[in-house]
Protein chains: 2
Amino acid sequence: MNPQKVISFETIRVVCKNCTLATLCLPMGLTPEDTERLDKIVKRNRPLHRGDYLFRSGERFRSLYVVKTGSVKTYAPSEEGGEQVLGFHLPGEIIGLDAIEKDHHICSARVLETSAICEIPFNRLEELTCCIPSLQHQMFRLLSKEIGHDTDMLLLLGKRNAEERLATFLVSLSRRLQRRGLSPNDFYLSMSRHEIGNYLGLAVETVSRLFTRFQDEGLLEVDRKHVQLKDLAALEAIVNGSQAEGDHQRRSS
Amino acid sequence: MNPQKVISFETIRVVCKNCTLATLCLPMGLTPEDTERLDKIVKRNRPLHRGDYLFRSGERFRSLYVVKTGSVKTYAPSEEGGEQVLGFHLPGEIIGLDAIEKDHHICSARVLETSAICEIPFNRLEELTCCIPSLQHQMFRLLSKEIGHDTDMLLLLGKRNAEERLATFLVSLSRRLQRRGLSPNDFYLSMSRHEIGNYLGLAVETVSRLFTRFQDEGLLEVDRKHVQLKDLAALEAIVNGSQAEGDHQRRSS
DNA sequence: ATCGGTGTTTGACCTGGATCAAGTAAATAA
DNA sequence: TTATTTACTTGATCCAGGTCAAACACCGAT
């Protein structure tokens with residue numbers, strides 16, 4: 001035996017039960033026994049690195065993926081190189097739900113930074129959901145939540161101006177980080193300005209200009225990927241403020 | 001006994017088994033026996049009329065709804081009167097899936113014309129999905145399909161210009177009507193220009209101008225609610241054409 | 001340290017579609 | 001029937017944000 005042997009992935013069995021994400025992730029609301037059954041089907045592969053794919057658009061659907069650490073972007077590639085970024089996914093968030101219907105992935109997913117990802121083979125999961133009603137219900141809830149989130153995005157893209165979009169993005173990110181025990185007002189972006197713009201339906205230049213403007217207005221400090229929100233209240237006011245004052249942007253109604 | 005008694009809702013028992021929508025709707029892929037079990041929990045209320053609500057945003061979630069005949073719009077009301085139309089629903093389409101997560105409706109649904117609606121109490125449905133694996137799978141598929149549709153809409157709102165949006169709307173509507181055995185190129189719109197614009201993130205005026213332009217270009221004939229698509233191929237070319245030629249609208253990438 | 005290459009910022013300009021303003025036609029009420 | 005409201009169309013104008021261009025800063029590779 002090597003006396004220098006250090007703690008490794010092999011010796012620490014990472015299980016759902018010990019996972020800090022248990023309250024955000026699939027096991028939410030399951031009994032310890034049911035969590036254990038779920039745990040048995042989860043595959044924990046070695047960490048992926050920036051740019052690695054979880055899956056590509058068009059591939060056969062086999063598994064759902066959950067971010068354990070790091071972050072992932074999903075995007076719909078449209079032929080000749082163009083793409084629409086669909087989401088940025090933080091620890092505890094499930095990826096691949098949109099593939100169930102067609103049995104093929106309709107978007108691609110790649111990690112934005114070194115990330116640990118849990119893989120959940122879907123056919124195994126369906127065996128469990130059949131006999132664990134609370135897990136089935138949790139799956140329904142997660143699928144429904146995804147729909148609700150998409151609804152929010154439709155509203156953002158359909159009715160909000162550039163300023164409101166970026167503010168919404170930042171406030172939403174801040175809240176999600178906070179829920180994961182991280183600082184809500186001091187964080188590093190793992191995605192580029194370009195990806196943010198793509199996600200929000202804006203040109204890179206617009207995103208850049210808005211960051212500058214928000215900084216000039218004292219709402220935040222930004223230095224490359226490093227963002228510090230200085231006035232979250234003001235950002236939140238932008239998010240649901242402009243709607244309060246007299247309904248500009250008549251696209252809406 | 002009244003000799004004049006005519007065929008009524010009471011005498012013709014409408015059941016899923018006889019429903020022409022069986023291949024589009026929840027029973028898709030179920031055995032006749034399972035369809036019968038599903039049928040037992042479906043409530044068929046009397047027809048609703050233009051403007052009637054299926055449910056309102058904020059209400060407790062109890063049931064899913066399926067359009068049997070007619071059409072329904074869903075929309076997210078945002079405080080002071082504004083709204084974002086989320087979708088127009090045709091026969092066989094399920095409404096209310098977004099409410100599962102929060103156990104409250106996050107959007108409102110009202111019928112656009114006289115419509116028959118099937119109501120499916122969700123707690124009863126969950127009892128069935130637990131013991132009918134194919135029904136559970138079908139529910140997962142339907143939820144996933146909704147996510148996929150929202151993804152398409154995000155792409156539409158994030159990356160397409162006004163012309164592409166209206167063309168996409170018309171082509172999509174045409175296909176959905178065709179799948180229901182109706183004419184794909186001669187139909188009546190059950191929604192107003194205003195609602196179309198709201199749905200597509202455009203001003204009413206823009207929608208109106210585009211209809212006029214499409215008509216001038218010979219793509220369609222339009223007379224108020226009555227639309228005849230004259231050149232579906234050209235419309236489809238617009239839908240996935242502009243993307244092919246050199247990636248304008250750099251918002252995308 | 002130097003050299004690309006890529007991501008970001010900033011300025012100048014332009015345009016698609018929103019907004020504003022009438023006018024017209026259909027639907028509903030009286 | 002006529003009055004009133006609501007939906008739709010069309011024209012004129014404006015502007016948020018896209019596009020183009022250039023400079024700059026960082027990062028990995030030689």
Side-chain angles (χ1 to χ4, degrees), chain A residues 49-51 73 81-82 84-85 112-113 156-167 169 188-216 220-227 238 242 246-253, chain B residues 49-51 73 81-82 84-85 112-113 156-167 169 188-216 220-227 238 242 246-253:
Chain A
H49 301 98
R50 174 165 183 82
K73 80 161 174 178
Q84 164 75 46
V85 173
L112 291 165
E113 60 191 314
L156 195 72
L157 295 183
K159 303 279 179 274
R160 304 305 197 177
N161 66 24
E163 180 188 62
E164 295 165 336
R165 293 185 201 186
L166 187 62
F169 170 71
Y188 285 79
L189 299 171
S190 58
M191 70 296 287
S192 68
R193 301 284 190 273
H194 186 94
E195 288 165 325
I196 295 172
N198 187 307
Y199 176 60
L200 297 176
L202 301 171
V204 203
E205 295 93 328
T206 304
V207 174
S208 180
R209 273 186 256 270
L210 282 169
F211 269 119
T212 307
R213 178 143 70 88
F214 283 170
Q215 180 161 251
D216 291 348
L220 50 77
E221 295 277 336
V222 59
D223 174 37
R224 223 154 149 69
K225 303 283 187 192
H226 185 199
V227 176
I238 293 174
S242 328
D247 208 54
H248 271 212
Q249 293 307 89
R250 214 199 24 182
R251 269 174 296 203
S252 3
S253 143
Chain B
H49 301 96
R50 174 164 184 82
K73 79 161 175 178
Q84 164 76 45
V85 173
L112 290 164
E113 59 192 314
L156 195 74
L157 295 184
K159 303 280 180 274
R160 306 303 199 179
N161 65 25
E163 180 188 59
E164 294 165 337
R165 293 185 201 185
L166 186 62
F169 170 72
Y188 285 78
L189 300 171
S190 58
M191 70 295 287
S192 68
R193 301 284 190 273
H194 186 93
E195 287 164 325
I196 294 173
N198 186 308
Y199 177 60
L200 297 175
L202 302 171
V204 204
E205 294 92 328
T206 304
V207 174
S208 179
R209 272 186 256 271
L210 282 169
F211 268 119
T212 306
R213 178 142 70 89
F214 283 169
Q215 179 161 252
D216 291 348
L220 51 76
E221 297 276 338
V222 57
D223 173 38
R224 225 153 149 69
K225 304 281 188 193
H226 184 200
V227 176
I238 294 175
S242 330
D247 208 54
H248 270 211
Q249 294 305 92
R250 216 199 23 183
R251 268 173 296 200
S252 5
S253 143

Problem - dC8(D) phosphate, OP1 or OP2, under 4.0 Å from K225(B) side-chain N/O - result: yes
Handout entry: Min side-chain heavy-atom separation K73(A)-M191(A) under 4.5 Å
Key = no
Practice task
Using the closest heavy atom to pick a nucleotide of DNA chain D for each, name whichever of A162(A) or D223(A) lands nearer the 5' end.
Solution key: A162(A)
Handout entry: Shortest side-chain distance from S192(B), nucleotide among dC8(D), dT9(C), dT19(C)
Key = dC8(D)
Completion exercise
Rounded to whole Å, CG of N198(B) lies from C1' of dG17(C) at a distance of 16 Å
Fill in the blank from the handout: L200(B) atom CG is separated from dG17(C) atom P, nearest whole Å, by 12 Å
Practice task
Decide yes or no for E113(B) and H49(B): does some side-chain heavy atom of the first lie under 4.5 Å from some side-chain heavy atom of the second?
Solution key: no
Completion exercise
Atom CD1 of I196(A) and atom P of dT8(C) are separated, to the nearest Å, by 8 Å
Handout entry: Gap between atoms CD and P, on E164(B) and dG17(C) respectively (whole Å)
Key = 9 Å
Exercise for the section: Kindly say if T206(B) contacts the phosphate of dA18(C), meaning a side-chain N or O under 4.0 Å from OP1 or OP2. Expected result: yes
Handout entry: Rounded interatomic separation in angstrom, taking CD from E205(B) and C1' from dT13(D)
Key = 13 Å
Completion exercise
Heavy-atom nearest nucleotide on DNA chain C taken for R224(A) and for R209(A); more 5' hit belongs to R224(A)
Exercise for the section: To the nearest 0.5 angstrom, please state how far the CD atom of E163(A) sits from the CD1 atom of I238(A). Expected result: 4.5 Å
Handout entry: Interatomic distance, R50(B) CZ vs dT28(C) C1' [rounded to whole Å]
Key = 14 Å
Problem - L166(A) and I196(A), any side-chain heavy atoms less than 4.5 Å apart - result: yes
Practice task
Specify the separation, in whole Å, of atom CZ of R213(A) and atom P of dT8(C).
Solution key: 19 Å
Exercise for the section: Side-chain contact test, heavy atoms from C-beta onward, threshold under 4.5 Å: evaluate it for Y199(A) versus L156(A) and give yes or no. Expected result: no
Completion exercise
Rounded to whole Å, the CG-P distance (L157(B) to dG16(C)) equals 19 Å
Exercise for the section: Give S208(A) one of three labels, base, sugar-phosphate or nothing, depending on what nucleic acid heavy atoms sit under 4.0 Å from its own. Expected result: base
Practice task
Check whether any side-chain N or O of T212(A) sits under 4.0 Å from OP1 or OP2 of dT10(C), and answer yes or no.
Solution key: yes
